[in-house]
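Okay, so here's the structure we're looking at.
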Number of protein chains: 2
Amino acid sequence: VSKSRHLHEPLKTTQQTQLPIGVFDSGVGGLTVLRALRSQLPDEKFIYLGDTARLPYGTKSASSVERYSVQAARFLVSRGIKCLVVACNTASAVALSALRAAFDPLPVIGVVEPGAAAACAASRTGHIAVLATEGTVRGGAYQRAIARLRSEAVVYAQPCSLFVALAEEGWNEGAIAETIARRYLQEILNDGRIDTLLLGCTHFPVLTPAIARVVGSEMGIVDSAVTTAAVLAEELRRHGLQATGEAAPAPRLMATDSPERFARVGSRFLGETFAAAQVELVDLGTP
Amino acid sequence: VSKSRHLHEPLKTTQQTQLPIGVFDSGVGGLTVLRALRSQLPDEKFIYLGDTARLPYGTKSASSVERYSVQAARFLVSRGIKCLVVACNTASAVALSALRAAFDPLPVIGVVEPGAAAACAASRTGHIAVLATEGTVRGGAYQRAIARLRSEAVVYAQPCSLFVALAEEGWNEGAIAETIARRYLQEILNDGRIDTLLLGCTHFPVLTPAIARVVGSEMGIVDSAVTTAAVLAEELRRHGLQATGEAAPAPRLMATDSPERFARVGSRFLGETFAAAQVELVDLGTP
């Protein structure tokens, strides 16, 4: 950044606009969100942190998830970011207000509110099923967010723990994925009024084709990543933080453990192949 | 310990024999080992620590697993134990020598060597399949242990990541468990020479009936927990550390996160129901 830029008022802003957007998740799942963000905001730089040393967050207590989230966010903030996207449903559900308080005035965006908004907009019957991890379902954040946006909505929440393992194993499609999906979704299908499935876990978008085969084409399937990208775009506009000009480089990828596994499993989630050598192993400063 | 006590050699021993045996795992899986230990050593007291805040170890790097294991062991040692059982395959595979060095002369027993010994003894053909998590398979500890014990053995190692999620979901039996088992075991069945399956993950014993239906009655299924109990009994004898007299109380259970989930999922692994209130939430002293 040249010195002359500092003379104009937009100057500090200009520096800021060129900063990357920080994205974090407990592991590789948030790469489905990063994929949607990049696709909708091609001019933006991204820096992604997967806290693979402590995954999964979905089975941890709220206080642990909050502590881990603040540590991960602090790390990204220390690298310089203009906005934080919490690309993890569990962390979005329990740690968002702690993150906003800790890093104010940094804009912090979670995936729960955008996902809930998308589901509320998509459903005609107002009967919505949230598919998520056990922790997210039990925490009730999606149920509360939907109730706030559409008070007459009826929400059915279904924990789908095996979907995470299926997605990580790469068994996204085929008989096993469909059999498991059928077992989890049978009650939802039996209900007869539910017309919208909200994928409340960032791992689940890679299972969309298998889920769609089980529920049929009449059922809407909402992925919060797409709406999160729209919310992020609006937030950047509102703060005058949109990147300008330069073509964005490839996202910078970091993990707290096992870059090799992060690359191997994560490539499927990001939708493009990257190597372990492109993943920086980082330490959040606590053992 | 008062000074005079040190003058009598047997006194210290008598105190020591009444100490509990420490057992640790990354989560609930090691409760299958605890179950076997209690069944074979009914006079012994046990104290169990599940490091649920940092599970699973199976996808973590060796250096992280070693650090976590030493922290968990230090915690148990601080509570007073006479022997340590590492009821976690991943930790047994990568952390055993670090633990022995750190806590010498405390006897430290892992599950890998006993499991490998049982499989070598059970197999007639010398063709053995190890079923384990991705991390355990990649680490190669079972392959090395079997090669040491029976150099002509041919070892086939199969990662079965979904078995962990299946066991935790409680879908131990039925069509889904068998379909997944068939997919993982197809190559082993096709091989035609393998006559012994070694369950190299403490989660897998609850899946034994489903695995047995897939592989048929000719295939031996070896669970390291049973052999580990025999090794522990021998180790206690060798050190003169067997408990005497008193009926042992119920094991003391501790977890580093979510006692509620530990109790709900763990009861299936221990083979008896216990409540969250019986699980002490502990902090290993590091955030």
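Just so it is clear, the values below take in all heavy atoms, side chains as well, and ignore hydrogens, waters and symmetry mates.
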Problem set entry | Point-to-point distance, once rounded to the nearest 0.5 Å, from CD1 of A/Ile180 to CD1 of B/Ile180 |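 Atom-to-atom, A/Ile180:CD1 and B/Ile180:CD1 are 4.0 Å apart.
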Exercise. Of the non-hydrogen atoms in B/Ser258 and A/Ser61, which two are nearest, and what is the gap between them?
Worked result: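 Closest approach of B/Ser258 to A/Ser61: OG-N, 3.5 Å.
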For this session: Give the minimum heavy-atom separation between B/Arg54 and A/Lys60, together with the two atoms involved.
Result: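 Heavy-atom minimum between the residues: N-CE, 3.8 Å.
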Problem set entry | Heavy-atom contact with chain B under 4.5 Å, split by part of A/Thr179 |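 Both backbone and side chain of A/Thr179 come within 4.5 Å of chain B.
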Exercise. Which bit of A/Glu134 is near chain B, if near means a heavy-atom gap under 4.5 Å: side chain, backbone, both or neither?
Worked result: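 Only the side chain of A/Glu134 comes within 4.5 Å of chain B.
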For this session: Select, from A/Thr256, A/Leu166, A/Leu55, A/Thr52, the one with the greatest count of heavy-atom pairs under 4.5 Å involving chain B.
Result: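 Highest number of pairs under 4.5 Å: A/Leu55.
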For this session: Begin with the C-alpha distance, continue with both residues' side-chain angles, and end with the deciding distance and a verdict on salt bridge (charged side-chain N to carboxylate O under 4.0 Å, His left out) for A/Glu169 and B/Arg183.
Result: CA-CA 12 Å; A/Glu169 189 72 323; B/Arg183 173 126 176 207; over 6 Å; no
For this session: Determine whether more than 12 heavy atoms belonging to other residues, nucleotides or ligands lie under 6.0 Å from atom CZ of A/Arg79.
Result: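 Yes - once you tally the heavy atoms of other residues, nucleotides and ligands closer than 6.0 Å, there are more than 12.
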Exercise. Got more than 12 heavy atoms from elsewhere within 6.0 Å of CD, A/Glu187?
Worked result: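 No.
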Problem set entry | Those residues that, when tested against A/Asn190, pass side chain to side chain donor-acceptor pair (under 3.5 Å) (two or more places apart) |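 Once residues adjacent in sequence are excluded, the partners of A/Asn190 under the side chain to side chain donor-acceptor pair (under 3.5 Å) criterion are A/Gln186.
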For this session: Specify which of B/Ala53, B/Ala165, B/Ser161, B/Ser64 makes the most heavy-atom pairs with chain A at under 4.5 Å.
Result: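 Maximum pair count with chain A is reached by B/Ala53.
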